[in-house]
Amino acid sequence: METGDAQDRERERAGRVAGLLLAAGSGSRLGRPKALVEVGGERLVDRGVRTLGDGGCAPVMVVLGAADTVVRDAHTVYNPDWESGMGSSVRAGIDALPDSVDAVLIALADQPLVTPEAVHRLVEAHDEGVRAAVATYNGNQRNPVMLGREYWSTVYGLAVHDVGARPFLRAYSHLVTAVACDDIASPEDIDTAEDLERLTGLLGGEPSGPV
């Protein structure tokens with residue numbers, strides 16, 4: 001039988017969803033690490049942290065690699081194997097998650113049109129008892145992704161090379177709840193200078209540095 005302290009810890013954990021921002025890549029097609037790119041005077045890594053925090057995630061963690069930088073309002077995790085692809089960043093992030101959280105919401109730094117409202121929808125799904133969820137746009141699974149603690153080891157084993165949670169979403173689709181976010185967010189990402197210029201225009205700012 002659990003002691004009162006253990007029960008209290010379990011109740012506390014049950015309401016906590018950590019935010020995990022993947023921001024380790026070098027941005028090879030862009031010519032610089034995406035995490036450090038500024039849009040509207042804000043770095044993509046900082047925008048991602050703010051989005052997760054405002055959406056209800058706590059704590060917020062960031063996986064860094066090519067650009068090992070200081071990030072405010074987040075716990076940083078350095079991935080020494082970042083060059084091997086996104087999978088290693090997912091594993092590094094899972095390894096660093098505290099025991100005090102019940103689920104993790106994974107987002108990418110290069111998707112600045114993902115909003116706090118989209119994050120909140122997935123956190124709300126968790127609060128309603130959903131154990132795995134993915135944001136969808138026009139019926140297509142993209143990001144963010146929310147995963148209950150019981151699935152972390154499976155995701156960890158499937159995250160290799162340049163794939164993160166996608167193999168889990170495909171192999172265990174019967175466990176995953178789709179959360180439509182078409183009306184409040186977009187999964188468009190920044191891979192090239194043209195992408196940066198276009199998304200910056202949508203956000204009403206000016207990209208920093210050469211594009």
Side-chain angles (χ1 to χ4, degrees), residues 16-39 42-53 55 57-112 114 119 122 132 134-135 141-171 187-192 195-196 208-209:
R16 298 188 67 187
V17 179
L20 182 62
L21 186 70
L22 305 185
S26 65
S28 56
R29 294 173 63 189
L30 189 61
R32 48 187 163 144
K34 300 177 192 177
L36 305 183
V37 171
E38 290 189 10
V39 175
E42 184 177 35
R43 299 185 306 176
L44 288 178
V45 66
D46 298 318
R47 183 183 184 90
V49 165
R50 178 171 56 80
T51 296
L52 291 173
C57 294
V60 175
M61 309 181 71
V62 180
V63 181
L64 299 173
D68 190 8
T69 186
V70 175
V71 183
R72 295 181 59 186
D73 301 320
H75 303 279
T76 57
V77 179
Y78 179 69
N79 173 20
D81 298 321
W82 63 268
E83 290 183 275
S84 67
M86 187 190 305
S88 63
S89 288
V90 170
R91 296 195 302 274
I94 290 175
D95 279 338
L97 289 169
D99 292 337
S100 59
V101 300
D102 178 61
V104 63
L105 190 143
I106 303 174
L108 306 181
D110 67 351
Q111 294 182 326
V114 169
V119 171
L122 271 71
V134 59
Q141 295 183 348
R142 294 294 298 273
N143 290 294
V145 176
M146 187 277 293
L147 301 163
R149 173 176 285 274
E150 65 271 32
Y151 301 133
W152 294 356
S153 61
T154 303
V155 173
Y156 191 103
L158 294 173
V160 296
H161 305 305
D162 204 32
V163 294
R166 192 183 313 136
F168 174 86
L169 298 176
R170 289 176 176 171
E188 290 189 72
D189 54 11
I190 296 174
D191 283 329
T192 65
D195 295 335
L196 174 59
S208 68

For the atom pair [atom1] ([X]) and [atom2] ([Y]), what is the distance rounded to the nearest 0.5 Å?
X: Leu36; Y: Leu64; atom1: CG; atom2: CG; result: 8.5 Å
X: Leu196; Y: Arg32; atom1: CG; atom2: CZ; result: 6.0 Å
X: Asp191; Y: Leu30; atom1: CG; atom2: CG; result: 8.5 Å
X: Leu122; Y: Asn143; atom1: CG; atom2: CG; result: 10.0 Å

Within the 4.5 Å heavy-atom criterion, are [X] and [Y] side-chain neighbours or not?
X: Thr69; Y: Arg43; answer: yes
X: Asp81; Y: Arg91; answer: no
X: Pro144; Y: Gln111; answer: no
X: Asp189; Y: Arg142; answer: yes
X: Val37; Y: Ile190; answer: no
X: Leu20; Y: Val90; answer: no
X: Leu22; Y: Ser89; answer: yes
X: Tyr156; Y: Asp95; answer: yes

Sub-3.5 Å donor-acceptor pair from the side chain of Trp152 to the main-chain atoms of Leu147, do we have one?
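At least one qualifying donor-acceptor pair exists.
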Show the nearest heavy-atom pair for residues [X] and [Y], with the distance to one decimal.
X: Met61; Y: Pro98; result: SD-CD, 3.9 Å
X: Val49; Y: Leu21; result: N-CD2, 3.9 Å
X: Arg149; Y: Ser100; result: NH2-N, 4.4 Å
X: Gln141; Y: Leu169; result: OE1-CB, 3.6 Å
X: Ser26; Y: Trp82; result: CB-CZ3, 3.6 Å
X: Pro33; Y: Ala66; result: CG-CB, 4.3 Å

Pairs touching residues 154-163 that satisfy salt bridge (Lys or Arg N to Asp or Glu O under 4.0 Å), sequence neighbours left out:
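For residues 154-163, and leaving out neighbouring residues, there are no salt bridge (Lys or Arg N to Asp or Glu O under 4.0 Å) pairs at all.
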Of the options Val145, Val163, Leu158, which is the one that meets Phe168 in a side-chain contact (heavy atoms from CB on, under 4.5 Å)?
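With Phe168 as partner, side-chain contact (heavy atoms from CB on, under 4.5 Å) holds for just one option, Leu158.
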